**Student:** 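Just passing along the structure, written as structure tokens.
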Amino acid sequence: MKGNIFLIGFMGCGKSTVASELQKRYGMEVVEMDQLLSERQGMSIPDIFETYGETYFRDLESALVAEIRKMENQVVSCGGGVVLREQNVAKMKENGQIVLLTANPETILERVKDDENRPVLKGKKTVEGITELMEARREKYEAAADIVIHTDKKPVSEICEELKQKLEERERQHV
Ligand code: S3P
């Protein structure tokens with residue numbers, strides 16, 4: 001495979017879990033965008049938001065997408081908001097395929113309810129709050145995606161199999 005695989009989707013949809021399974025199964029290298037940004041800044045994601053504001057974080061995120069574009073064969077676990085800027089999506093498409101992972105708001109809530117690391121979800125950790133934010137972003141996620149995988153009730157092994165099949169299918173069709 002040439003290029004990169006970008007895993008996108010709402011917070012808690014399983015991007016990091018799928019990325020690390022792909023690493024285990026196929027020995028692919030993984031870029032965890034949030035982890036890398038946090039390491040480079042020497043502070044947590046909530047602290048970056050609080051200290052410098054969301055725009056600053058989004059600028060760091062965009063710069064990292066531009067940097068990753070020059071790499072090959074990486075599985076990139078993207079931050080949930082990476083699709084908010086069209087320029088990021090355009091750069092990702094230049095050298096990679098974009099895989100959207102989806103999950104129901106109920107599933108998302110279950111996964112994020114005890115997590116304090118997601119500033120965007122502050123005060124929104126209810127099915128209604130998550131649904132509202134998800135709906136506001138839906139169009140952007142769907143427009144960016146080359147492949148969509150619904151993850152509800154699927155073990156990570158099944159998600160990876162489905163992903164592999166769909167990538168192979170695209171390769172056969174020379175997409
Ligand atoms: C965000 C998602 C987070 C992180 C930041 C903003 C978002 O990543 O980048 O808190 O706007 O959806 P995860 O999707 O990995 O939680």
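All figures in this text were calculated on a predicted structure; none of them were measured in a lab.
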**Student:** Just distance, no hydrogens or angles: give the donor-acceptor pairs under 3.5 Å from side chains in residues 11-18, sequence neighbours left out.
**Tutor:**
from	atom 1	to	atom 2	distance (Å)
K15	NZ	G9	O	2.8
K15	NZ	C78	O	3.3
S16	OG	E32	OE1	3.3
S16	OG	E32	OE2	3.1

**Student:** Flag the pair E135 and R138 as a salt bridge only when some basic side-chain nitrogen lies within less than 4.0 angstrom of an acidic carboxylate oxygen.
**Tutor:**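 Here E135 pairs with R138 in a salt bridge, since their nearest N and O are under 4.0 Å apart.
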
**Student:** Does L60 belong to the same Ile/Leu/Val/Met/Phe/Trp/Tyr cluster as L36, with side-chain heavy atoms less than 4.5 Å apart forming each link?
**Tutor:**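 Same hydrophobic cluster.
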
**Student:** Quick one: closest heavy-atom pair of P46 and P119, and the distance?
**Tutor:**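 In this case the closest contact between P46 and P119 is CA-CG, 4.0 Å.
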
**Student:** With a 4.5 Å cut-off on side-chain heavy atoms, are I5 and M28 touching?
**Tutor:**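 Yes. Closest side-chain heavy atoms under 4.5 Å.
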
**Student:** Are L163 and V75 connected, step by step, through hydrophobic side chains (Ile, Leu, Val, Met, Phe, Trp, Tyr) whose heavy atoms are closer than 4.5 Å?
**Tutor:**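 Both belong to a single hydrophobic cluster.
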
**Student:** Can you hop from I130 to L101 via hydrophobic side chains spaced under 4.5 Å?
**Tutor:**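 Result: no, two separate clusters.
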
**Student:** Which heavy atom of K93 sits nearest to which heavy atom of A144, and what is that distance?
**Tutor:**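 Closest approach of K93 to A144: NZ-O, 2.9 Å.
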
**Student:** If you look only at pairs with a residue in residues 34-93, which of them pass as a ring-ring contact (aromatic ring centres under 6.0 Å, His included), with sequence neighbours excluded?
**Tutor:**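 Matches after skipping sequence neighbours: F49-F57, Y52-Y56.
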
**Student:** Should R85 and E61 be marked as a salt bridge (charged side-chain N to carboxylate O under 4.0 Å, His left out) after you check the CA-CA gap, both sets of side-chain angles, and the distance that decides it?
**Tutor:** CA-CA 10 Å; R85 290 188 178 172; E61 194 170 56; over 6 Å; no

**Student:** Counting distance only, does the side-chain N/O of N95 pair as donor-acceptor with the main-chain N or O of E72 below 3.5 Å?
**Tutor:**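 Not confirmed, N95 side chain does not pair with E72 backbone.
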
**Student:** Under 4.5 Å between any side-chain heavy atoms of E171 and L167, yes or no?
**Tutor:**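 No, too far: nothing below the 4.5 Å cut-off.
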
**Student:** Is there a side-chain contact between E142 and L100 (heavy atoms, below 4.5 Å)?
**Tutor:**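 When only atoms from C-beta onward are counted, L100 and E142 do touch, with a gap below 4.5 Å.
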
**Student:** For the backbone of E106 and the side chain of N104, can you confirm whether one donor and one acceptor N or O come within less than 3.5 Å of each other?
**Tutor:**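 Judged by distance alone, no pair lies under 3.5 Å.
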
**Student:** Test K125 against D114 for salt bridge (charged side-chain N to carboxylate O under 4.0 Å, His left out), laying out the working first.
**Tutor:** CA-CA 9 Å; K125 282 194 206 148; D114 300 322; over 6 Å; no

**Student:** Are the side chains of F6 and I68 in contact, using a 4.5 Å heavy-atom criterion?
**Tutor:**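 Of all side-chain heavy-atom pairs linking F6 with I68, at least one is under 4.5 Å.
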
**Student:** Is it possible for you to say whether I8 and V76 belong to one hydrophobic cluster, with membership spreading through side-chain heavy-atom contacts below 4.5 Å?
**Tutor:**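 Both belong to a single hydrophobic cluster.
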
**Student:** Mind running side chain to side chain contact (heavy atoms under 4.5 Å, CB included) on T107 and K153 for me, showing each step along the way?
**Tutor:** CA-CA 9 Å; T107 310; K153 301 200 173 78; over 6 Å; no

**Student:** How close do A103 and I108 get, counting heavy atoms only, and between which atoms?
**Tutor:**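 Scanning both residues completely, I find the closest heavy atoms to be CB-CD1, 3.9 Å.
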
**Student:** Is there a donor-acceptor pair under 3.5 Å between the side chain of Q23 and the backbone N or O of E29?
**Tutor:**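 Here the side-chain-to-backbone pair does not exist.
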
**Student:** Just do the side chain to side chain contact (heavy atoms under 4.5 Å, CB included) check on N73 and Y26 with the steps written out, would you?
**Tutor:** CA-CA 11 Å; N73 294 312; Y26 307 117; over 6 Å; no

**Student:** What do you reckon, is NZ of K91 surrounded by more than 12 foreign heavy atoms closer than 6.0 Å?
**Tutor:**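 Enclosed.
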
**Student:** Nearest heavy-atom pair of D146 and Q97: which atoms, and what distance?
**Tutor:**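 It is OD2-CA, 3.4 Å.
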
**Student:** What is the distance from atom CZ of R40 to atom OG of S38, rounded to the nearest 0.5 Å?
**Tutor:**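 Rounded to the nearest 0.5 Å, the CZ-OG separation comes to 11.5 Å.
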
**Student:** Regarding E21 and K154, does a basic nitrogen lie under 4.0 Å from an acidic carboxylate oxygen?
**Tutor:**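 So E21 does not pair with K154 through a salt bridge.
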
**Student:** Looking at R118 and V112, what are the two nearest heavy atoms and their distance?
**Tutor:**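 R118 and V112 have their closest heavy atoms at NH1-CG1, 3.6 Å.
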
**Student:** Could you check whether atom CD of E168 has more than 12 heavy atoms from other residues, nucleotides or ligands sitting under 6.0 Å from it?
**Tutor:**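 Buried by this count: over 12 neighbours within 6.0 Å.
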
**Student:** May I ask you to say whether E67 pairs ionically with K70, meaning some side-chain N is under 4.0 Å from a carboxylate O?
**Tutor:**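 No, this pair does not count.
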
**Student:** If I compare all heavy atoms of I45 with all of D34, which pair ends up nearest, and what's the gap?
**Tutor:**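 Taking every non-hydrogen atom into account, CD1-O, 3.6 Å.
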
**Student:** Is it true that atom NZ of K140 has more than 12 heavy atoms of other residues, nucleotides or ligands lying nearer than 6.0 Å?
**Tutor:**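 Atom NZ in K140 is not packed in, count stays at 12 or less.
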
**Student:** For the pair N4 (side chain) and Q74 (backbone), establish whether a donor and an acceptor sit closer than 3.5 Å, ignoring hydrogens and angles.
**Tutor:**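 Present.
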
**Student:** Between E161 and R25, is a salt bridge (charged side-chain N to carboxylate O under 4.0 Å, His left out) present by the stated rule, with each step listed?
**Tutor:** CA-CA 10 Å; E161 271 307 314; R25 283 181 167 233; 3.1 Å; yes

**Student:** Would you say that M33 contacts V65 through its side chain, given a criterion of any heavy-atom pair below 4.5 Å between the two side chains?
**Tutor:**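 In short, these two side chains touch, coming nearer than 4.5 Å.
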
**Student:** Just one of L133, T131, T126 clears the side-chain contact (heavy atoms from CB on, under 4.5 Å) bar with P105, so which one?
**Tutor:**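 When side-chain contact (heavy atoms from CB on, under 4.5 Å) is applied between P105 and each of L133, T131, T126, only T131 qualifies.
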
**Student:** What verdict does the side-chain hydrogen bond (donor to acceptor under 3.5 Å, both in side chains) test give for E169 and Q165, after you've listed the backbone C-alpha separation in whole Å, the side-chain angles of each residue and the deciding distance to 0.1 Å?
**Tutor:** CA-CA 6 Å; E169 183 62 32; Q165 275 168 22; over 6 Å; no

**Student:** Are I149 and M134 grouped together when hydrophobic residues (ILVMFWY) are joined by side-chain heavy atoms under 4.5 angstrom apart?
**Tutor:**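 Different hydrophobic clusters.
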
